[in-house]
Peer 1: 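Pasting a structure below so you can have a look.
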Amino acid sequence: MNEAMQAKVPVLSAENLSIALPEGGDRPFAVENVSFDVKPNEVVCLVGESGSGKSMIAHAVLSLLPKSIAVASGAVTVARQNPTKLDRRALRRLRGGEAAMIFQEPLSSLNPLKRVGKQIEEMILSHQRPTPSAAEVHERVQQLFTQVGLPNPKLLEKSYPFELSGGQRQRVMIAMAMANRPALLIADEPTTALDVTTQRQILRLIDDLRRDRGMGVLLITHDFGVVADVADRVVVLRHGKVVEQGTVEEVLRHPKEAYTRELIDAVPKARLDDVRHKTIRPESLLEVVGLHKTFRVKRGWLQPPREVVAADGISLTLHEGETLAVVGESGSGKSTLGRMIMRLTEPDGGAIRFNGQDLRQLRGEALRQARKQLQIVFQDPFASLDPRQKVGDAIARGPMAYGTSRAEAMEQAKKLLVRVGLNVVAADRYPHEFSGGQRQRICIARALALKPRVLIADEAVSALDVSVQAQVLALLAELRQEMKLAMIFITHDLRIAAEIADRVIVLRKGRIVEEGATADVFTAPQAAYTRDLLDAIPGRDFFDQPGFASAAGKIPTARMSS
Amino acid sequence: MIRPGSAATVGLMALSRIAQLVAVILVIATFNFVLVRAAPGDPAQVMAGQSGASDPKLLDDLRKEYGLDKPYAVQLASYLGRVITLDLGYSYRQRRAVVDLILERLPATLLLTVTAFCLALLIGTTLGALAGLAAGSVLDTVFTVLSLVLYATPVFWLGLMLVLVFSVTLGWLPPFGYETINVKLSPLERVLDIAQHMIMPVTSLAAIYLAIYARLMRSSIIEVAQQDFIKTARAKGLSGPSIVLGHMLRNALVPVVTVAGMQAGALVGGAVVIETVFAWPGLGRLTFDALLQRDYPVLLGIFLILSIVVIVLNLLTDLIYKLIDPRMTTGAA
Amino acid sequence: MNRREFTQAMLAASAAIPFGITRAAGQTRGGTLNTIIQPEPPLLVTAFNQQQPTLTLGGKIYESLLKYSADLKPMPGMAQSWEISPDGLTYTFKLFPNITFHDGKPMTSEDVVFSCMKVLTETHPRARQNFARVASAEAPDPLTVVFKLKQPFAPFLGCFDCTSAPILPKHIYEGTDFRKNPLNDKAIGTGPFKLKEWVRGSHVHLVRHEGYYLKNQPYLDEIIYRIIPDSASRALALENGTVQLVQWTDVEFFDVQRFRAQKNLEVTTKGYEYFAPHQWLEMNNRIAPMNDKRFRQAVMHLIDRDALAKRVYFGNAKVATGPISSKTKFYDGKVKRYEFSVDKAKALLDEMGLKPDANGKRAEIKYVVPPYGESYQRAGEFFRQSFARVGIDLVLVGTDMAGWAEKVGNWDYEMTQNLLYQLGDPALGVSRTYVSSNIKKGILFSNTEGYSNPEVDKLFDEAAVTLDEAKRQELYSKVQQILVEDVPVAWTLELEYPVIYDKAFKNIVSTGIGSHETFGSVYKS
Amino acid sequence: MDAVRAFLRHPSGMVGLVVLLIVVITAIIAPIVFPVSPWEMVSAPFTPPGEDGLLLGGDTLGRDVAAGVAYGARVSLVIGIASAIAAMVIGVTIGAISGYFGGKIDLVLMRMTELFQTIPAFVLAILLVATFNPSLLTIILTIGAVSWPPLARLTRAEFLRLRNREFVEAALCQGEGTLRIVLGHILPNAISPILVVTSLTVATAILLESALSFMGLGDPNLMSWGFMIGAGRTVIRNAWWMSVFPGLAILITVLAINLFGEGLSDVLNPRVSRRRS
């Protein structure tokens, strides 16, 4: 078989694949009648919201499905083999040999108690026959580390996973996957747990390796931005069924199905709505001056505590009716900032001026009264509601704590529920009866019940699927107008910041690296770090997003893969 | 980056442990002292009473001799001062230095507890691992039921039942004691003789911990089996045995070792009952006898030594923990 | 040698050689005796500790001047003869020659005087009271000891058994803090056996004292006292021959019958005559309702003492009739008898006004269970059931030895059980419980029940200094009648502890102190 | 209701519950089945099982072992439950204070808890009971006093976990007071693991009580299983039934409580159980 022919034979093909769920689930099949191919040197993206069954397919490819779940009909062919029909030995050869896989969370995917070098050596030793010598293996491991762009391979080899950064770990995973030159790489949400800049590096690495080696890549993601950046072909899944598939151009530019259209539309976009600027009154409402916070993690008795600087002299002003986005990567201190303003975390120094008083000096009842005007919506809608408290109570409790009668508070609560798009009867239900998006609406209703002047949204939409995310963002935008709220919107997703904020603050390691009107920051970033962040936004050029690039007459950055 | 396990970190750790040890010893010493003094019963009275008769002069003499007439604060201060130098005082009743009394009993107790501990850990984790790997199988069910039953069995009753079966009924094993006394034996025979005496007490003492470790290991294995890195290992094409040995065992052992360390104290407590049942000449017996006699210095000494033993055992499990889990050394976990 | 001379020689011999050792025929040297010591003694120096295990074991190591026959007559110990002056004030003892301590140094009259007057008066409560009666003790020559008493004391000759007056080496103890002498661990005495090894918690190993003063003695090579805290294990050890001798409570009472049936074992209740353990239900006479004689009499009627002897002690006990044991001197059985009768008890209680309430309950009384083993616990349970029959709730209170000693010694109890030794003479072992001069707070085994009767005091005092045996009997008979009427304590049983031993061993029980004896004459056939 | 239904479907939990109910019923009807006190000497000593109308034989004093086992159920259950509650009260209070307030209070309380864990619990129990003399109350308090540390640690962990949970912080932001937050939000969400551990503590408490009684440190007025085994130990050659039956009673009861507790855990804490099964 010559190379040309080989290139046409898919390294992976799914034919009418159906995977059955155990009885009693919400649907009989996790995946139904799914067919697609991955050819050599091709990146195919499986894209869909949570629960669409995309991970099931990936696991079925290497026969890694949990015991209770099995392929019901159809078949997967990987390198001309059907993994379900292989004996154990042959299956082992396939796994990590012809086909390798990497996962979403690189920390938990690596054995925490084994040096990473050993973990890669193991991959080589278990596949290569005749067994290579120790020196050869070692050599190969060093090579792999270098190939995946890990610095100082000699030191890294001896490291434990916990000693590496998230990006390094994922590189180790990739090095491991590459060890036996697989024909197919399956990457299951490989960048979801990573910061945006790291995400771009990892995606670029995968893409480089793909081209170097001509391997097929099956990339699973929920992010159309990622799809736009790296995919050759895309398969859109919903409830276990293929909605639509085709090349990136076809699907993203000219979606045939309404659902696909919906998903693409839901990708956050900056709306440069000049009207909003006018609503901002110049009076400052909340002023943060020189906030400092250092977390000290105690280690041993005599060991010095580890210090993490979360806030290093942060000052900011929030004007009335303004939405201020605080963006930054994980560990930048953005959530701590929000929590410090809410007095949930005690700052080491600085002042928080609100309504003419310094919140930091308030104690007891005075603090309680001040808090009424400041409310917060948290990231995780599942953790934000007391599972043992009815939704109506959750919303009414706040006003009741400030003296409103129960009947009146419940009445308000019901109104608010309707306002955030839920039914009145929701008041008598428990949180577990609601979906994530609905819960977040409840949380918003709860925060608004006290009629605050400032709302802090701490990654309020990050945990939601993209379509739900768009709806919640829209709701927040409406409410903000309606209730004349000033809002601090904390997010790691620059696209969301661009969509909702009037002004943006970019945080890095507890310091403000850039601050300005959204349009300015996104079109003419001053700090190199901001530029890096912007460059790393997935799918930026494809969606022409955040939209300023062309507006400013800039040439879109080149696609990573051509 | 501080390398895990480097001499500096281990040294630092040891140093901080020693400081901790001294602090804990002082607190426990104070606690013991206060508690024991709170007891009704005048030690002088007991000593005198046990002499068959007594009179006020004897009582006074005894009180003076042992400093019982001084204020508690003075007694405590002098006690703590002596404790630091490991002078645990002098036993009223036994008329010997407490340290000597304890040290001559300690080896028997250590032999019993350490053997039981090691066996329980070894067998328990092995059985637990087997059950966990075969979760849901007949083997698993049998092990689970067995460990549930063992876990519910009173230690002393198990000991009695063993005596009933193996000594009284079958006559296979010696029902009590540490070794056959006054028989000339070669060193090897002596070891075998002691081993034979150890079978039943060790079994009784180990049983409950074996059950605990087995159950723990089982759930730990099951939990580890669901971890992502096991999925990685399977995706790497590793064979079953190399996944189990290379990836699961060590990770699964971490919680077991933690619990094992925490239970060192309970194990030592269990030895008290078992030593009573099997007439084992160890610290457990000494504790009980001393309690009945209200032999304050011996009691204080035993509690102190037992606490030190427990702390040392904790330290050992800490070290094992560190061998197993590199994250612990740098405090990153 | 004519017959007369022969008789004189025999008399001299019988005075010179302890009774029971004269039958020299067939005695063989060698052999090991395995026995039990329970609980483990804290130390072996009997001068410093008089708990039963110490005495049992120490008796082999420390000897005294005299021994006592089963009928409590004095026999030669280290003293081969003795003389009492007619006024009963001077006692002169002649020692055997060539007595040596275990360290090889000779034992002389100096050691006796030093031990009795310097050491024991400080460290041995019982001996202190005895030797407090001595005005002077002298050692005119190495083999002669002379005690001069302040006033006559009838049982003085009864104070020289190896448990009451053990002789210690002066050269080791003089000028030291006796109790803390480092050589206490070596336990150096003059007895036929010396300490070889003591493995704490395991066993005590005694071996022959080669320099023992009696020819050929001891016959045994060694004695091993094993420490077996568990009574079932002890019984098993005796049964399977691991040990060949048990005494006191080494085996539980219910096992004794089983051993009677075992062919190779001899079971005897002899050898406790000197101690004559006497048990009673002690009632605090200071507190109502125990302060009423009728209540105490009712108690005597209430307890089925035959059943108690059978159920709790499995027949190893005899019902006590009064304060003096039938096994000791001056016992008088002609006293008032209290038969088991619930009705009589009820009548007495009704008479004194302790009537049942609506629930049939007359009173609630706390009973402190002595922490000395299972039989005490069961006896308590037996008493509780007995009292329940007349509507009295006996609430058992558990405690430890210290707690019990403190409660009883400080009179902080309502009822308990007590057991005292009679020590061969009422003046030594009986009067202490009843005379008002011995109501001493904080002291155990004194008149803790708080009984006080001037007539009783007078009778006991007089009997102690009277030398005439008949006169003493008269006084003691009188006192017994009074006490039995007053019932200061409810005497229950004379316990008959067993000595059980392998029949291969002879002379195990040869005197009134039984297994506490020196065992020099014990041999294995 | 869901929890009850789920429990009814839990096989081993149900076995535990049924056996436990049998033990409870035995304890309740003991005076009806055995109208004569278990202390009453009703037969000859050492009556073997089945003879003289004694199903499980007679003891050293001729008392009915079967009656003792039945009455013993009352003692074991009362002591087990009461001491578990005592442990819960101590443990939850300390754990809640420690977990909620954190900082120095937490440090001090947790050092104290560790101290209590360092001293072997059983030896400490012996010491306490011997010190304050055995009675129903002292035994319950003692077992409570040595059993609370795991409950304190659990409560503290739960409080730590919940204290920074968003819904608790939301309640704080909504102006609810500390007590309200602790009692209204944290405790209700922490209670199910606490209840599970408390129910398992009942089992260990029963074992502890039996061991204390066995060592002669029980309330002498109560016929307990440990006491019976202790009394039977020395006569094991003469009367095996005296120690075998009460021992079985302990085993079965403790086993039943453990099964019940684990079933409860599976039902109430699906979070933990899912991780485990």
Side-chain angles (χ1 to χ4, degrees), chain A residues 58-59 61-64 66-67 88-115 118-120 122-127 155 158-164 173 176-177 179-180 182 186 188 297-303 305-306, chain B residues 1-6 8-24 135-136 224-243 245-254 257 318 321-333:
Chain A
H59 283 74
V61 173
L62 287 186
S63 202
L64 286 171
K67 272 180 197 160
R88 268 197 230 165
R89 194 176 291 254
L91 182 61
R92 285 211 304 271
R93 269 201 304 273
L94 174 69
R95 290 173 175 172
E98 285 98 338
M101 191 161 174
I102 57 178
F103 302 94
Q104 174 174 356
E105 178 49 77
L107 179 59
S108 63
S109 301
L110 287 164
N111 185 342
L113 307 185
K114 222 171 182 172
R115 298 180 200 273
K118 287 273 170 232
Q119 298 195 45
I120 296 175
E122 191 180 47
M123 180 84 159
I124 298 166
L125 286 168
S126 62
H127 284 91
L155 179 68
K158 294 256 184 316
S159 300
Y160 289 96
F162 74 91
E163 296 172 297
L164 307 180
M173 281 298 288
M176 189 159 31
N180 299 313
I186 302 159
D188 187 359
V297 184
K298 274 206 181 152
R299 293 190 288 185
W301 231 50
L302 295 173
Q303 285 168 295
R306 220 154 41 106
Chain B
M1 193 190 317
I2 301 173
R3 301 298 315 166
S6 74
T9 53
V10 170
L12 215 58
M13 195 190 78
L15 209 68
S16 79
R17 276 299 182 151
I18 290 167
Q20 225 172 332
L21 192 73
V22 172
V24 170
V224 169
Q226 291 169 341
Q227 299 277 309
D228 285 350
F229 63 85
I230 296 302
K231 202 162 69 185
T232 307
R234 288 171 64 208
K236 276 158 90 171
L238 298 184
S239 66
S242 56
I243 292 178
L245 296 174
H247 292 271
M248 289 173 81
L249 276 188
R250 201 163 152 186
N251 281 288
L253 272 173
V254 171
V257 169
D318 256 25
Y321 205 111
K322 255 142 220 165
L323 285 177
I324 295 177
D325 192 342
R327 287 169 295 191
M328 299 316 295
T329 320
T330 46

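Quick note on labels: first sequence line is chain A, next is B, and so on, each numbered from 1. FYI, side chains are in, hydrogens and waters are out, and symmetry mates aren't considered; it's all heavy atoms of this structure.
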Peer 1: Could you measure the distance from the CD1 atom of Ile124(A) to the NZ atom of Lys236(B)? Nearest 0.5 Å is fine.
Peer 2: 10.0 Å
Peer 1: Can you tell which of Glu105(A), His127(A), Gln104(A) has the highest number of heavy-atom pairs within less than 4.5 Å of chain B?
Peer 2: His127(A)
Peer 1: So which part of Leu64(A) gets closer than 4.5 Å to some heavy atom of chain B, the side chain, the backbone, both or neither?
Peer 2: both
Peer 1: Please identify which of these residues, Gln119(A), Met176(A), Met101(A), meets the side chain to side chain contact (heavy atoms under 4.5 Å, CB included) condition with Thr232(B).
Peer 2: Met176(A)
Peer 1: Between Arg95(A) and Arg234(B), what is the shortest heavy-atom contact and its length?
Peer 2: CD-O, 2.9 Å
Peer 1: Which residue out of Arg89(A), Lys114(A), Arg88(A) racks up the most heavy-atom pairs below 4.5 Å with chain B?
Peer 2: Lys114(A)
Peer 1: Can you see which heavy atom on Phe103(A) is nearest to which on Ala235(B), and at what distance?
Peer 2: CZ-CB, 4.2 Å
Peer 1: Between chain B and each of Glu122(A), Arg93(A), Met173(A), count heavy-atom pairs under 4.5 Å; write down the option with the most.
Peer 2: Glu122(A)
Peer 1: Quick check: does any side chain N or O of Ser126(A) sit under 3.5 Å from a backbone N or O of Leu238(B), one acting as donor and the other as acceptor?
Peer 2: no
Peer 1: When rounded to the nearest 0.5 angstrom, what distance separates CD in Gln227(B) from CG in Leu110(A)?
Peer 2: 12.5 Å
